[in-house]
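Numbers here are sequence positions counted from 1.
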Amino acid sequence: MIVLDIETTGLDPHKHCMVSLGAVDYDTGEEFYGECRVMGRRAIDAFALGVNGYTEAQCLDVNKELPHEMYRRFLDWALTGKRDLLVGGQQVGAFDLLFLKDVHLSLAAHDH
């Protein structure tokens, strides 16, 4: 099982953006961690930053990869090592996976 946690710039995956993704393979202890910058014109909610500890400057840092780049690295990590793709975490289905789905759909639209 992969346990994951995502930090975002707000609660709406269509309006806000993820800024970090951390995951642990529960069976092996192997870890994945990445930070990315806000893509496009996604909103940055001050309250969300107060919760996750990121600053607006960190969210906009052009030296960080874009969310779809981090997502691809995460998929490469998740799909190697014969990992069980069962995903767990707090609010993972109601929150985290919605942000991953948004990035996935954006990436799929970009690739076509």
Assess whether atom CG of L11 is packed by more than 12 heavy atoms of other residues, nucleotides or ligands within 6.0 Å.
no

Quick check: do V38 and V19 have side-chain heavy atoms less than 4.5 Å from each other?
yes

Is the F74 ring parallel, tilted or perpendicular to the F32 ring (thresholds 30°, 60°)?
perpendicular

Ignoring hydrogens and angles, state whether a donor on the side chain of Y54 or S20 is under 3.5 Å from an acceptor on the partner side chain.
yes

With heavy-atom distances below 4.5 Å as the criterion, would you say the side chains of R73 and E65 are in contact?
yes

Does some side-chain heavy atom of C17 sit less than 4.5 Å from a side-chain heavy atom of R37?
no

Contact summary for W77 and D25, nearest pair of heavy atoms:
CH2-N, 3.7 Å

Looking only at heavy atoms, which two atoms of D96 and I6 are closest? And how far apart?
OD2-N, 2.7 Å

Taking all non-hydrogen atoms of both residues into account, name the closest pair between M18 and L100 and its distance.
CE-CD2, 3.9 Å

Could you tell me if the side chain of L66 sits less than 4.5 Å from the side chain of C36, heavy atoms only?
no

Between D12 and R42, is there a side-chain N and carboxylate O pair less than 4.0 Å apart?
no

Shortest non-hydrogen contact between G10 and A48, atoms and distance
N-CB, 3.6 Å

List the atom of E31, the atom of V24, and the distance in Å for their closest heavy-atom pair.
CG-CG2, 4.0 Å

How far apart are the closest heavy atoms of P13 and L98, and which atoms are they?
CB-O, 3.7 Å

Crowded around Y26 OH? As in, over 12 foreign heavy atoms under 6.0 Å?
no

